[in-house]
Amino acid sequence: MDFSYPPRAEDFRTEVRQFLAEHVTPAVLEEQHSGTVHSWELHQKMAAKGWLNGAVPEELGGGGRDALEMSVLIEELQLFRAPIDAMGVVIALASIILELGNDFLKDEVVPKLLRGESLGSFGYSEPESGSDVAAAQTKAVRDGDEWVINGTKMWTTMAHEADYVILLTRTNADVPKHKGLTFFIVPFDTPGIEIQPVWTMGYERSNATFYDDVRLDDKWRLGDVDGGWAVMKTALKFERGIAGGQFFSAPLIEDTIAHARRHRRPDGSLLIDDPVVRERLVRAMIDLEVCRVFAQRVAYGAAVGAPFGVEGSMTKLFASETFKKHSNWFIDILGVEGLLRHGEPDAPMGGFIEESFRHAPVTTIYGGTSEINRNMVAEGHLGLPRAR
Amino acid sequence: MDFSYPPRAEDFRTEVRQFLAEHVTPAVLEEQHSGTVHSWELHQKMAAKGWLNGAVPEELGGGGRDALEMSVLIEELQLFRAPIDAMGVVIALASIILELGNDFLKDEVVPKLLRGESLGSFGYSEPESGSDVAAAQTKAVRDGDEWVINGTKMWTTMAHEADYVILLTRTNADVPKHKGLTFFIVPFDTPGIEIQPVWTMGYERSNATFYDDVRLDDKWRLGDVDGGWAVMKTALKFERGIAGGQFFSAPLIEDTIAHARRHRRPDGSLLIDDPVVRERLVRAMIDLEVCRVFAQRVAYGAAVGAPFGVEGSMTKLFASETFKKHSNWFIDILGVEGLLRHGEPDAPMGGFIEESFRHAPVTTIYGGTSEINRNMVAEGHLGLPRAR
Amino acid sequence: MRLELTEDEETVREVFAGFFAQESSIEVVRASEPVGFDLGLWTKLAQTGAPGMAVSEAAGGGGATLADLAVVATEAGRRLAPVPLVEHAVATRLVAAAAPADSSLGSLIAGDQVGILALAPAVDGVARLVPGGSAANVVVGLDGDDLVIVAGEPPAGPANTGHAALADRDLRAEGRRVIGGASHYARARAEWQALTASALVGLGHQALDIGVEYVMQRQQFDVPVGSFQAVQHGLATASVDMEGAEYLAHKAVWALASGHADADNMASMAFLFAAESAQAAAAASLQYHGGYGYSDEYDIQLYFRRAKSMTLVHGDPGLEIRSLADRLLGPVGTGASA
Amino acid sequence: MRLELTEDEETVREVFAGFFAQESSIEVVRASEPVGFDLGLWTKLAQTGAPGMAVSEAAGGGGATLADLAVVATEAGRRLAPVPLVEHAVATRLVAAAAPADSSLGSLIAGDQVGILALAPAVDGVARLVPGGSAANVVVGLDGDDLVIVAGEPPAGPANTGHAALADRDLRAEGRRVIGGASHYARARAEWQALTASALVGLGHQALDIGVEYVMQRQQFDVPVGSFQAVQHGLATASVDMEGAEYLAHKAVWALASGHADADNMASMAFLFAAESAQAAAAASLQYHGGYGYSDEYDIQLYFRRAKSMTLVHGDPGLEIRSLADRLLGPVGTGASA
């Protein structure tokens with residue numbers, strides 16, 4: 001095997017690093033503390049570089065950065081602690097529309113997304129359906145050339161900054177649940193939509209969005225009527241290339257080491273010289289190396305067009321579970337000062353480790369809980385029967 | 001709360017310790033390496049002290065040692081590394097017969113057990129039924145005053161030394177599986193029984209026993225025809241007081257500390273001075289302290305006649321899982337010499353830690369797997385629905 | 001031997017279970033954020049006599065046992081009560097033992113002043129990030145070899161993970177009195193560990209109760225989430241640990257109260273085990289809530305955060321393990337001779 | 001970048017998967033106990049060219065890559081092959097690199113003699129409990145600053161957990177030659193780590209395959225044991241770790257072969273992670289066998305035991321973590337300046 005990146009990807013990495021070193025400023029990092037994990041400024045600069053467009057497959061009209069280059073971009077963004085979630089949604093959304101959308105959607109929505117003018121939001125989850133996403137109850141009823149949509153979506157993160165939501169609706173209640181779903185791209189300025197903030201333990205803002213007799217022309221439909229489950233599979237495929245989070249532990253370990261090199265224990269010894277601390281750091285660094293090969297494998301699979309398997313589930317499961325473990329280890333090492341939040345002058349490393357501790361628990365939940373991913377590995381990789 | 005033992009139990013502890021210090025000789029310990037975890041000599045000496053009889057409840061005609069005293073006996077036996085399993089079966093079997101048996105069984109079997117002349121064996125599991133014990137298929141068919149028994153039992157440990165097996169049989173195949181079971185006490189010298197050794201990773205011997213047209217008078221029946229499930233519940237109740245294994249980690253930790261105080265690392269440092277080793281020892285000592293309160297609670301519950309709950313499951317689950325963890329930690333600490341088996345002159349602590357490593361995995365399996373115990377806690381303690 | 005609450009303790013438990021359920025409702029807990037202290041709740045708690053309950057009647061206290069106090073701490077932990085009850089009770093017992101004539105004792109016993117214990121010795125006279133530090137008027141702590149008591153207005157404290165009422169406190173402030181030495185301090189610290197273990201037991205049990213209630217009510221794939229075996233086993237494992245933590249905390253309290261030679265180690269063990277178990281219980285319960293567990297709206301995240309802060313106010317648990325190793329195994333360098 | 005086997009490697013894999021399935025059947029493995037070495041299997045393996053395959057053609061070897069060798073190691077690990085293939089291959093490559101003119105090289109390449117590497121420096125000239133030590137005629141090891149090679153009849157070894165062919169070897173025996181220094185040794189040790197990681201990957205994967213097959217066939221409560229979610233999740237977790245271990249081992253081999261600056265650390269990481277993951281996989285699989293997993297009759301216990309012995313022949317993993325910490329973080333006492 002060959003784990004080296006092709007020269008094009010390495011050159012791109014150099015370019016990305018230079019760009020991020022310049023543009024991921026303290027102000028951009030500070031901006032995240034508003035709870036909206038996004039920087040319009042950075043996002044638009046990246047769009048101007050052609051990187052959003054670049055992520056879209058060439059055959060779909062994109063800029064033809066391959067999956068390895070995109071994985072390099074995502075990796076570097078995480079190492080620079082730049083916000084990645086909103087960008088990921090934009091790329092996924094544009095790709096899905098380019099693959100499955102009609103000409104209207106391709107012309108109307110995609111350019112705005114890729115130019116960095118508009119953000120998107122995922123509208124899959126509902127108050128009563130999370131892991132069981134196919135149980136969506138938001139109703140879309142046909143009325144001539146229009147659809148009338150009623151329902152509620154949860155975890156529509158970025159909705160308050162976004163122009164569009166990709167909405168999973170139920171169009172047929174008389175068939176098995178997977179067979180009565182239809183997708184729409186819904187502009188948030190359509191009358192009848194209300195957005196309410198949902199605040200979290202990580203101090204990030206998500207949203208609940210409410211749809212009250214929202215009327216939408218049929219041209220906003222994405223994919224076939226009752227064909228939503230096929231669209232969902234395409235959506236998952238595009239998340240494979242751009243899913244982030246594999247390197248969450250990298251800045252955490254970096255900060256912990258930096259702190260441990262400077263901080264002295266009450267007995268005067270440096271934290272970095274504590275063998276128990278050293279053992280945990282080494283274990284975390286090994287885990288991170290595993291995250292790296294997992295992520296590389298996912299990117300490689302996408303680059304060579306390998307059939308979509310459970311690699312994404314494995315990567316996400318391992319990276320998020322170890323991140324949660326590491327964040328718990330490292331906040332402990334800081335002692336009582338580990339509790340201090342960003343903004344407090346004595347907070348070790350500006351409170352980043354404390355933030356990681358509060359953020360980590362959601363990473364084993366969102367985008368497929370660890371339980372769902374273990375189900376997928378058991379069924380898809382080990383060939384065990386569906387547990388339910 | 002008061003965690004002190006009553007004076008009678010403390011006096012008994014002193015007596016037990018003196019006895020064990022004298023009688024758990026190197027020869028008795030060495031004897032276990034034959035694979036038969038039993039010492040007839042020690043067993044009969046304890047019988048002579050009245051301790052087997054003592055374990056049987058006074059109201060059943062036993063010697064009236066209460067549950068606390070018995071827990072003291074079991075604890076001390078484990079701390080002295082004496083064999084306990086065969087003794088546990090004797091006490092349980094005698095108690096079950098005294099509570100549910102007919103006069104014949106009480107007169108014929110119990111005295112031999114309690115005088116230390118006979119051992120018993122559990123005949124619950126079968127090749128096709130382990131955790132699902134109620135699925136037993138060994139058939140008992142009535143023929144006049146007799147029963148004809150055909151089938152196979154697994155894990156009839158001590159059968160090759162024992163006189164009796166308490167046998168779970170199917171007497172009715174036309175009702176739900178729990179409702180067609182009947183128990184018998186079967187003398188091993190009955191014609192038609194064959195005993196085959198089953199050797200294990202721990203180098204302990206268990207047995208498979210085969211029943212081929214074994215004819216038995218109805219007087220050997222224990223409990224009602226098709227009333228076996230009620231007998232099973234009584235059996236579990238009596239295991240509560242005498243179940244061992246809670247202190248498996250105690251001698252393991254003791255040996256590891258003793259070794260670590262003497263053994264030097266290649267760099268000349270003492271093992272006991274390695275902070276990572278120290279951390280693990282402390283964690284194990286805390287776990288052991290938890291085992292201690294769990295065990296004490298089970299004994300206390302039995303002593304005051306508290307209703308039988310899931311405390312036994314909790315105790316067994318915690319003690320066996322932590323023992324497995326500890327044995328894995330501590331064999332590692334020994335390095336390559338940790339692999340050396342009993343009998344090798346360089347084996348640390350006579351190979352006891354290595355033996356623990358090989359023995360530990362069965363402790364999370366026998367007498368109810370960890371999975372079954374977690375089911376019991378989920379259902380019985382947390383009130384969650386039956387998973388299947 | 002008696003491994004159940006006495007009738008008296010059971011009465012105490014019922015009374016304070018009711019008190020905290022009523023007065024430290026989740027709304028009260030949330031309203032106390034980010035300060036982490038509710039003076040109204042403290043005032044009501046003082047009216048129950050809890051702040052001085054475990055000081056002898058001779059010294060003007062309630063004459064209750066340490067075990068009674070532990071029962072109250074468990075109920076306070078269960079409701080995340082935003083009051084430094086354990087810190088106050090320990091500090092007050094310490095003053096009563098070391099300096100029964102100190103002018104502060106009466107008001108501490110009555111709860112007219114909030115007192116706390118600095119868990120780590122002061123550095124340059126300052127006790128760092130003391131739990132209850134932003135709520136207390138009176139601080140007891142170790143400055144060099146001196147056990148000192150100082151009074152003063154509590155400063156505002158820093159924002160932190162679990163909205164704990166933390167603040168630095170100056171142990172050399174005007175009016176400071178020396179009231180004893182290191183041995184009194186060690187005892188108080190052990191009591192803090194045992195009682196905080198009790199509080200963490202309440203917290204962990206309640207975190208599991210919240211989780212069980214949620215997974216029974218929440219349906220996915222047309223069945224309750226709580227009917228999935230992986231969820232059941234995760235909760236079962238956590239609940240076994242909590243059960244062990246509960247009895248170990250009781251044992252530590254008993255050991256301290258009965259003068260057991262090993263009581264300090266027992267308190268340390270109980271604290272470490274309860275801290276890890278309560279954190280794991282809250283984390284498991286949060287996980288099985290799915291996304292809602294992470295949202296501010298649901299209560300489980302409060303338990304998750306406070307389990308961590310109740311632990312870390314004592315410092316890195318790794319340091320406590322190191323200290324316990326020195327006590328149980330002998331200090332490093334003495335192995336061969338021990 | 002290429003994260004799949006090349007066609008050539010795939011061919012090697014198929015050939016040796018077949019070879020070991022046939023020649024290192026579980027009966028052969030069991031028959032080799034307790035000695036842990038099967039000379040007949042070794043002789044057949046020598047006929048395939050495997051012992052010297054990864055020595056350059058110029059030096060008389062097979063000219064295969066380290067990656068080819070890793071593929072063979074994985075297949076050997078999968079079948080618990082009772083031959084010290086990794087030790088031999090590493091020692092032979094070491095001799096070829098350090099002392100290409102040494103008289104032993106030809107017979108090592110041909111597999112006429114079994115060679116091994118002592119993983120820890122000798123103490124008083126004796127290398128302790130060397131893996132393959134009771135099977136090998138030739139031992140390479142470090143004695144002081146000297147890398148030495150000695151020949152001699154293998155002594156009988158001690159009985160041990162995984163029936164490993166362990167024995168002490170005297171590095172100062174007659175005929176000893178000094179063939180190099182510590183740097184050659186370090187390289188060989190890193191190769192041993194990476195290749196043993198590969199072998200553990202084979203072992204762990206097979207342990208899971210055995211477990212999956214068992215739980216699908218075994219019925220309890222009228223359904224396959226493998227349909228219980230707790231069992232599924234335990235196996236899934238182990239298999240994710242094994243998958244990570246597999247790719248980390250590949251990366252370490254690639255790093256060594258391509259002269260990556262970080263190759264030694266990568267090898268150490270791959271070994272540590274594969275060792276823990278394979279042990280956990282075997283333990284999970286054994287657990288889900290119920291009592292049968294513990295019985296000699298079933299094969300999973302062989303995997304459980306050998307996972308531990310393949311790890312511990314390298315010494316306490318904690319020491320390797322300590323050494324890795326020194327390399328990754330700088331030695332203790334240099335933190336502030338690093």
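Note that the structure is a prediction, hence the values are computed from the model and not measured. Lettering follows sequence order; numbering is per chain, from 1.
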Asker: Are the side chains of D:Gln287 and B:Ser370 in contact, using a 4.5 Å heavy-atom criterion?
Answerer: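 The answer is yes, as the side chains (C-beta and beyond) meet within the 4.5 Å cut-off.
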Asker: So which of D:Leu302, D:Val313, D:Leu119, D:Leu312 has the largest heavy-atom pair count under 4.5 angstrom toward chain B?
Answerer: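 Looking at each option in turn, the highest pair count goes to D:Leu312.
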Asker: Are there over 12 heavy-atom neighbours, none belonging to B:Gln196, within less than 6.0 Å of that residue's CD?
Answerer: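 Yes - once you tally the heavy atoms of other residues, nucleotides and ligands closer than 6.0 Å, there are more than 12.
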Asker: With chain B, which of D:Gly291, D:Ala120, D:Ala164, D:Ala230 has the greatest number of heavy-atom pairs at distances under 4.5 Å?
Answerer: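 Among the listed options, the one with the most contacts to chain B is D:Gly291.
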Asker: Pair D:Tyr294, B:Glu204 - check side chain to side chain donor-acceptor pair (under 3.5 Å), show working.
Answerer: CA-CA 10 Å; D:Tyr294 189 66; B:Glu204 299 120 355; 2.5 Å; yes
Asker: Which bit of B:Arg374 comes within less than 4.5 Å of chain D, counting heavy atoms only: side chain, backbone, both or neither?
Answerer: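 It is neither, since no heavy atom gets under 4.5 Å.
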Asker: Let's test your reading of the structure: which of B:Val276, B:Ile331, B:Val198 forms the most heavy-atom pairs below 4.5 Å with chain D?
Answerer: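 Most heavy-atom pairs within the cutoff with chain D belong to B:Ile331.
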Asker: I'd like to know which of D:Gly315, D:Ala283, D:Ala159, D:Ser295 tops the heavy-atom pair count under 4.5 Å against chain B.
Answerer: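 Option with the greatest count: D:Ala159.
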Asker: Could you have a look at B:Val362, B:Leu339, B:Ile333, B:Val336 and say which one has the most heavy-atom pairs with chain D under 4.5 angstrom?
Answerer: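 So the answer, after comparing B:Val362, B:Leu339, B:Ile333, B:Val336, is B:Leu339.
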Asker: Checking B:Trp155 against chain D: side chain, backbone, both or neither under 4.5 Å from a heavy atom?
Answerer: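 It is the side chain, since no backbone atom gets that close.
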Asker: Looking at B:Leu334, B:Asp346, B:Thr369, B:Asn375, which makes the most heavy-atom pairs under 4.5 Å with chain D?
Answerer: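 The option with the most such pairs is B:Asp346.
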Asker: Between D:Arg218, D:His314, D:Gln301, D:Gln219, which shows the greatest number of heavy-atom pairs under 4.5 Å with chain B?
Answerer: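 Highest number of pairs under 4.5 Å: D:Arg218.
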Asker: Please enumerate all residues that pass side-chain hydrogen bond (donor to acceptor under 3.5 Å, both in side chains) together with B:Asp332, with sequence neighbours excluded.
Answerer: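 Applying side-chain hydrogen bond (donor to acceptor under 3.5 Å, both in side chains) to B:Asp332 gives D:Lys308.
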Asker: Using non-hydrogen atoms and a 4.5 Å limit, figure out which bit of B:Pro345 sits close to chain D: side chain, backbone, both or neither.
Answerer: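 Neither the backbone nor the side chain of B:Pro345 comes within 4.5 Å of chain D.
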Asker: Select one option (side chain, backbone, both, neither) describing which atoms of D:Leu166 are under 4.5 Å from chain B's heavy atoms.
Answerer: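 The answer is the side chain of D:Leu166.
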Asker: Specify which of B:Arg358, B:Arg341, B:His342 makes the most heavy-atom pairs with chain D at under 4.5 Å.
Answerer: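 Going by pairs under 4.5 Å, I would pick B:Arg341.
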Asker: D:Leu319 versus chain B, heavy atoms under 4.5 Å apart: side chain, backbone, both or neither?
Answerer: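 Looking at D:Leu319, just its side chain touches chain B.
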Asker: Walk me through whether B:Ser129 and B:Gln137 qualify under side chain to side chain donor-acceptor pair (under 3.5 Å).
Answerer: CA-CA 8 Å; B:Ser129 60; B:Gln137 289 169 12; over 6 Å; no
Asker: List the atom of D:Phe271, the atom of D:Trp192, and the distance in Å for their closest heavy-atom pair.
Answerer: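 Smallest interatomic distance, heavy atoms only, reads CE1-CZ3, 3.8 Å.
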Asker: Flag the one option from D:Gln279, D:Arg305, D:Glu297 with the top tally of heavy-atom pairs under 4.5 Å to chain B.
Answerer: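 Heavy-atom pairs under 4.5 Å are most numerous for D:Arg305.
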Asker: Any idea which heavy atoms bring B:Leu168 and B:Lys153 closest together, and the distance?
Answerer: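 Nearest pair, atom of B:Leu168 first, then B:Lys153: O-NZ, 2.7 Å.
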Asker: Go through the atoms of B:Asp267 and report whether side chain, backbone, both or neither lie under 4.5 Å from a heavy atom of chain D.
Answerer: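 Interface part for B:Asp267: side chain.
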Asker: Measuring heavy-atom distances to chain D, does B:Ile372 have an atom under 4.5 Å in its side chain, in its backbone, in both, or in neither?
Answerer: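 When you check distances to chain D, only side chain atoms of B:Ile372 fall under 4.5 Å.
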Asker: For B:Ser125, is it the side chain, the backbone, both or neither that has a heavy atom under 4.5 Å from a heavy atom of chain D?
Answerer: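 B:Ser125 has no heavy atom closer than 4.5 Å to chain D.
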Asker: More than 12 heavy atoms of other residues, nucleotides or ligands under 6.0 Å from CD of D:Glu276: yes or no?
Answerer: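 No.
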Asker: Shortest non-hydrogen contact from D:Leu235 to D:Val215?
Answerer: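 What the structure gives for the nearest pair is CD1-CG2, 4.0 Å.
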Asker: Which heavy atom of D:Gly141 sits nearest a heavy atom of D:Ala118, and at what distance?
Answerer: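 Closest heavy-atom pair between D:Gly141 and D:Ala118: CA-CB, 4.1 Å.
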Asker: Side chain from CB out, backbone as N, CA, C, O: work out which of these in D:Tyr292 comes under 4.5 Å of a heavy atom of chain B, or both, or neither.
Answerer: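 For D:Tyr292, the contact with chain B is made by backbone and side chain together.
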Asker: Side chains of D:Leu129 and B:Leu340: closer than 4.5 Å at any heavy-atom pair?
Answerer: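 The answer is yes, as the side chains (C-beta and beyond) meet within the 4.5 Å cut-off.
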